[in-house]
Number of protein chains: 2
Amino acid sequence: MARKKSSDETGAGQADDAASSRRGPMREFSRSLPMSLLRAREAVMRQFRPSLRNHGLTEQQWRILRALTAVDEIEVTELARVAFLLGPSLSRILRDLEGRALIERKAAENDARRAVVSISAKGLKLIEAVAPTSEAIYAEITRRYGARKLAELHEMLGVLEASLAGMGSADDAEVEADD
Amino acid sequence: MARKKSSDETGAGQADDAASSRRGPMREFSRSLPMSLLRAREAVMRQFRPSLRNHGLTEQQWRILRALTAVDEIEVTELARVAFLLGPSLSRILRDLEGRALIERKAAENDARRAVVSISAKGLKLIEAVAPTSEAIYAEITRRYGARKLAELHEMLGVLEASLAGMGSADDAEVEADD
DNA sequence: GGGAGATGATTAACATGTTAAGTTATTTCC
DNA sequence: GGAAATAACTTAACATGTTAATCATCTCCC
């Protein structure tokens with residue numbers, strides 16, 4: 001179908017592309033920053049998912065194994081920070097990865113609350129199996145978009161993140177609390 | 001706590017920041033494009049979530065209502081495309097929003113398969129209640145990051161998305177199929 | 001006009017995101 | 001030294017992401 005064919009079926013033909021001034025208490029939708037970031041990220045991840053899937057890995061599982069490859073061992077909280085996962089997600093995934101013997105887990109020596117995680121030989125082998133394809137995809141993305149531009153994008157995203165760092169939770173009450 | 005205190009507790013002090021050359025069959029982790037995009041998006045969404053939550057809306061529900069505000073009515077498939085949601089997610093959310101009387105749904109006139117959705121008066125009222133806070137947050141983000149830079153970022157994200165548009169699924173077999 | 005295939009939408013099943021509550025171990029501080 | 005506050009996970013509960021399967025219509029073509 002590849003083309004819209006709805007707006008002239010209900011007998012009015014209004015608001016054909018939502019780009020004009022229908023009724024909107026807000027700015028346009030496709031201009032929203034979260035949407036732009038989401039769409040861009042999805043466009044990128046769409047390239048990687050099939051390969052990961054072929055190796056029985058989800059994106060998040062892959063992130064964790066990738067992070068573990070860079071260190072000897074790491075505590076769960078640190079891993080959550082590095083792999084950018086929330087605690088509960090990480091807990092579930094680690095349980096699964098440990099069950100598949102892709103990682104190993106032990107208690108920290110001096111603090112029984114902390115768990116220390118490391119990648120297993122099997123996990124490393126899996127990484128090495130996936131890496132070539134993954135790197136090839138990344139290279140192709142870089143080629144298409146341009147290495148210079150890619151670096152610039154990274155930079156701008158980093159600055160954005162930093163810009164918003166200390167922007168405390170703008171609760172509704174807080175925002176309307178000055179009149 | 002606000003500072004790391006783990007790497008010197010297990011008695012070795014190695015790989016303190018994972019930035020050096022531990023063992024890695026791949027490029028560095030924090031340089032990955034998906035991670036940068038994810039972190040940036042999260043930094044942005046973190047600002048909006050509390051306000052939405054105060055009004056009983058999730059990010060996705062908000063996206064849908066926002067999209068519906070721009071048109072009189074729209075078919076589900078089109079809505080999925082505009083709000084950038086997969087069909088199953090959209091189905092569940094529409095069920096919920098309809099239950100809360102924030103939207104209305106009817107069958108298309110000439111095709112009983114298609115469903116046509118529109119926002120209700122109650123839904124519009126909700127949008128109008130949330131919009132001021134939401135716009136204020138967006139304005140603050142723009143102020144901090146810079147309007148020029150924000151537009152530039154949008155542009156670059158759009159180009160990235162377009163660059164990857166026709167990059168067919170790089171299955172493993174496909175990638176290694178030329179030696 | 002009727003059946004094969006395509007299409008729009010939903011349901012199913014599993015994995016993760018998100019917030020809150022619970023568990024166990026540690027630290028503080030009286 | 002022990003109760004209360006903290007910390008590090010983990011579980012729980014609910015919402016969404018993701019893929020596959022299902023269901024109901026529609027279209028096409030014989």
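Throughout, a chain's letter reflects where its sequence line sits, starting with A, and its residues are numbered from 1. Note that these values count all heavy atoms, side chains included, but never hydrogens, waters or copies made by symmetry.
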task = Sequence neighbours left out, what passes side chain to side chain contact (heavy atoms under 4.5 Å, CB included) with B:Lys125? Give chain and number order.
result =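 None.
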query = Which residues pass the side chain to side chain contact (heavy atoms under 4.5 Å, CB included) test with B:Glu161, sequence neighbours left out?
reply =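 Counting only residues at least two positions away or on another chain, B:Glu161 forms a side chain to side chain contact (heavy atoms under 4.5 Å, CB included) with A:Arg39, A:Ala43.
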Give [X] one of three labels, base, sugar-phosphate or nothing, depending on what nucleic acid heavy atoms sit under 4.0 Å from its own.
| X | value |
| --- | --- |
| B:Thr58 | sugar-phosphate |
| A:Thr77 | sugar-phosphate |
| A:Gln61 | sugar-phosphate |

request  = Using a 4.5 Å cut-off on heavy atoms from C-beta on, say whether the side chain of B:Leu65 contacts that of B:Ile119.
outcome  =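 A side-chain contact exists here, since the closest heavy-atom pair is under 4.5 Å.
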Distance check: side-chain N/O of [X] vs OP1/OP2 of [N], anything under 4.0 Å?
| X | N | result |
| --- | --- | --- |
| B:Gln60 | D:dG17 | yes |
| B:Arg105 | C:dT10 | yes |
| A:Ser89 | C:dT16 | no |
| B:Arg49 | C:dT18 | yes |

In whole Å, I'd like the distance from the [atom1] atom of [X] to the [atom2] atom of [N].
| X | N | atom1 | atom2 | answer |
| --- | --- | --- | --- | --- |
| A:Ile93 | C:dC14 | CD1 | P | 17 Å |
| A:Glu59 | D:dG17 | CD | P | 13 Å |
| B:Leu52 | C:dT19 | CG | C1' | 15 Å |
| A:Arg81 | D:dA8 | CZ | P | 13 Å |
| A:Arg95 | D:dT11 | CZ | C1' | 9 Å |
| A:Met45 | C:dG17 | CE | C1' | 15 Å |
| A:Leu38 | D:dT16 | CG | P | 14 Å |
| B:Leu57 | D:dT16 | CG | P | 10 Å |

ask   = A:Arg100: what forms a salt bridge (Lys or Arg N to Asp or Glu O under 4.0 Å) with it, not counting sequence neighbours?
value =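 A:Arg100: salt bridge (Lys or Arg N to Asp or Glu O under 4.0 Å) contacts with A:Asp96.
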key: Listed partners of A:Arg105 passing salt bridge (Lys or Arg N to Asp or Glu O under 4.0 Å), at least two apart   =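 If we apply the salt bridge (Lys or Arg N to Asp or Glu O under 4.0 Å) test to A:Arg105, skipping adjacent residues, the hits are A:Glu98.
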Donor-acceptor list for residues 147-157 of chain A side chains, cut-off 3.5 Å, not counting sequence neighbours:
| from | atom 1 | to | atom 2 | distance (Å) |
| --- | --- | --- | --- | --- |
| A:His154 | ND1 | B:Ser36 | OG | 2.8 |
| A:His154 | NE2 | B:Arg31 | O | 2.9 |

request  = Identify, between A:Leu90 and B:Arg92, the residue whose nearest nucleotide on DNA chain C lies closer to the 5' end.
outcome  =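 Going by which nucleotide is closer to the 5' end, it is B:Arg92.
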message = What I want to find out is whether A:Glu75 reaches A:Arg81 closely enough, with some N-O distance under 4.0 Å, to be called a salt bridge.
response =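 So A:Glu75 does not pair with A:Arg81 through a salt bridge.
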key: Upstream residue (5' side of DNA chain D) when B:Asp96 and A:Ser91 are each assigned their closest nucleotide   =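 Looking at DNA chain D, the more 5' nearest nucleotide goes with A:Ser91.
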Using nucleotides 20-25 of chain D, report all nitrogen or oxygen pairs with the protein that are shorter than 3.5 Å.
| from | atom 1 | to | atom 2 | distance (Å) |
| --- | --- | --- | --- | --- |
| D:dT25 | O2 | B:Arg113 | NH1 | 3.3 |

